[in-house]
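Notes for the one structure printed next.
Atom set for the values below is all heavy atoms of this structure, side chains included, hydrogens, waters and symmetry mates excluded. Labels below follow one simple rule: chain letters A, B, ... track the order of the sequence lines, proteins then strands, and each chain is numbered from 1.
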There are 2 protein chains.
Amino acid sequence: MTSAGAEPSARRLTARGALTRDRIVRAAADLMHANGVAGTTMDQVVEASGTSKSQLYHYFEDKDALVTAVIKMQAARVMERQEPHLEQLSSLQGLRRWRDAIVRFIDERHAAHGCEIGSLASELTDRSEPARILINATFQHWESYLAAGIRRMQERGQVDPSTDPAELATGIMAAYQGGYLLSQAARSAQPMALALDLAIRNLEALAVQEKRAPEAAS
Amino acid sequence: MTSAGAEPSARRLTARGALTRDRIVRAAADLMHANGVAGTTMDQVVEASGTSKSQLYHYFEDKDALVTAVIKMQAARVMERQEPHLEQLSSLQGLRRWRDAIVRFIDERHAAHGCEIGSLASELTDRSEPARILINATFQHWESYLAAGIRRMQERGQVDPSTDPAELATGIMAAYQGGYLLSQAARSAQPMALALDLAIRNLEALAVQEKRAPEAAS
DNA sequence: GGCAGAATGGACCAGCTGGTCCGTGTTCGC
DNA sequence: GCGAACACGGACCAGCTGGTCCATTCTGCC
């Protein structure tokens with residue numbers, strides 16, 4: 001379900017229409033990720049998506065509606081990329097693999113651009129309340145995956161059970177977002193690596209002292 | 001030294017001129033912090049600063065030059081606000097006081113707006129290389145204060161001396177920036193509190209075990 | 001096979017945006 | 001006290017931006 005919210009009267013969509021709509025959102029998402037929302041014009045979206053002005057305004061009431069669809073698509077994209085790592089997260093090892101994947105991802109892109117959701121958050125949060133709510137919900141959803149993983153670690157005795165998983169998850173998310181921002185500014189994946197290391201080290205420190213506990217096969 | 005860089009030919013500035021220039025940068029900084037760089041028009045700056053178009057372009061070659069001045073002013077403002085806390089930082093207690101001041105600051109503003117530098121970073125880093133370099137330098141400078149404080153803590157035996165203070169500082173900065181972003185999106189100071197707590201807890205965990213060591217007066 | 005509604009093409013527009021220009025007032029240094 | 005450079009006011013403009021409109025072509029469905 002990569003497609004995003006409708007709005008402009010839940011009109012019927014033919015298969016062809018749905019495809020066109022998707023091309024528009026995809027093009028808009030890429031442009032806005034690279035140039036910002038304000039830095040992306042409707043004409044650019046038209047050209048990049050190979051559609052026309054009338055189509056754009058046929059599927060979206062105005063730019064705000066398009067932006068809403070873009071937020072939803074980016075949220076879906078990010079979650080799709082993260083899910084494989086977070087879905088069954090249940091150990092510090094898994095968390096470290098998650099960290100490695102992120103650092104590698106940023107490194108491959110030479111730390112150009114920021115987090116798809118984070119940059120939208122920074123630009124839109126103060127400008128549009130509906131956008132803020134949507135973005136905040138995305139963060140929450142994202143964090144809930146981390147929290148669930150941490151809870152599993154607690155159950156397995158890898159992490160101190162007295163600390164609230166949701167709060168730890170927020171802390172880790174903050175490290176991720178801040179790490180992304182610093183990496184973007186430094187054009188290096190190192191800040192992200194340091195930020196996530198600090199966050200993970202925190203769980204390790206909280207770990208039940210039996211560091212070398214009986215490891216299940218795997 | 002709140003005023004920012006010149007550029008448009010280091011022309012001579014009369015006292016009156018310097019004042020006008022400063023009013024312009026100040027107004028631009030406030031507008032851009034609230035509405036973003038792209039969301040701030042030169043006409044708005046003119047109106048908010050009570051100047052005229054010709055003055056604006058008398059002191060700044062173009063919008064980019066104005067933005068550069070704004071970055072420098074915001075960097076100075078942030079550092080001015082942080083220096084009292086970071087200048088002689090040398091204990092975990094001091095770090096916690098820094099944390100408290102930040103959380104209070106965000107709470108007072110009901111978590112509206114983001115970090116003055118962080119939001120500029122997010123918007124400009126990909127769009128302007130000179131801006132990126134300037135912003136990155138600001139982060140470095142900022143982190144160096146934190147690193148110096150951590151080094152002092154190490155010397156006093158409060159923090160494990162085997163960890164690189166600069167790397168810890170980057171991690172803390174990331175927690176700060178990410179915490180700010182999440183707080184802005186959630187309209188609550190809590191994410192910031194959790195993020196900084198996680199970062200600080202990390203130093204505590206690293207602390208030499210003699211937790212209740214001989215405390216110097218104060 | 002024909003019609004209602006979806007999909008599309010693209011010309012057109014009013015308002016805004018960054019930036020220019022020129023004339024006037026002020027101030028500093030000699 | 002006087003000229004040069006600085007400070008200032010504000011009309012003006014070309015290009016862009018989000019958005020409108022209407023005519024035409026497809027498509028699903030009875």
So, OP1 or OP2 of [N]: does either fall under 4.0 Å of a side-chain N or O from [X]?
X	N	value
B:K63	C:dG18	yes
B:Y59	D:dA7	yes
A:R16	C:dT8	yes
A:T14	C:dA7	yes

Measure [atom1]/[X] against [atom2]/[N] and give the value in whole Å, please.
X	N	atom1	atom2	result
B:H58	C:dG23	NE2	P	18 Å
B:K53	C:dC22	NZ	P	16 Å
A:E47	C:dG10	CD	P	13 Å
A:Q44	D:dT17	CD	P	7 Å
A:Y57	D:dC21	OH	P	13 Å
B:L19	C:dT26	CG	C1'	15 Å
B:F60	C:dG19	CZ	P	13 Å
B:L66	C:dG19	CG	P	10 Å

From CD (B:Q177) to CD1 (B:I117), nearest 0.5 Å:
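Output value for this atom pair is 8.5 Å.
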Taking the side chain of [X] as heavy atoms from C-beta outward, which of [options] is closest to it?
X	options	answer
A:Q55	D:dG18, C:dG18, C:dT8	C:dT8
B:S54	C:dA7, C:dG9, C:dC21	C:dC21
A:T20	C:dT8, D:dG18, D:dG9	C:dT8
A:M42	D:dG18, D:dC21, C:dG19	D:dG18

Let me know, please, whether B:G17 or A:A15 comes out on the 5' side of the other along DNA chain D by nearest nucleotide.
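The 5'-side residue here is B:G17.
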Salt bridge or not for A:D126 and A:R132, using N-O below 4.0 Å?
no
Parallel, tilted or perpendicular: rings of A:W142 and A:F139 (30°, 60°)
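Ring orientation, 0 to 90° scale: parallel.
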Could you go through the side chain to side chain contact (heavy atoms under 4.5 Å, CB included) check for A:L89 and A:R97 one step at a time?
CA-CA 10 Å; A:L89 180 64; A:R97 278 194 295 272; over 6 Å; no
B:Y145 and B:Q82: side chain donor to acceptor below 3.5 Å
no
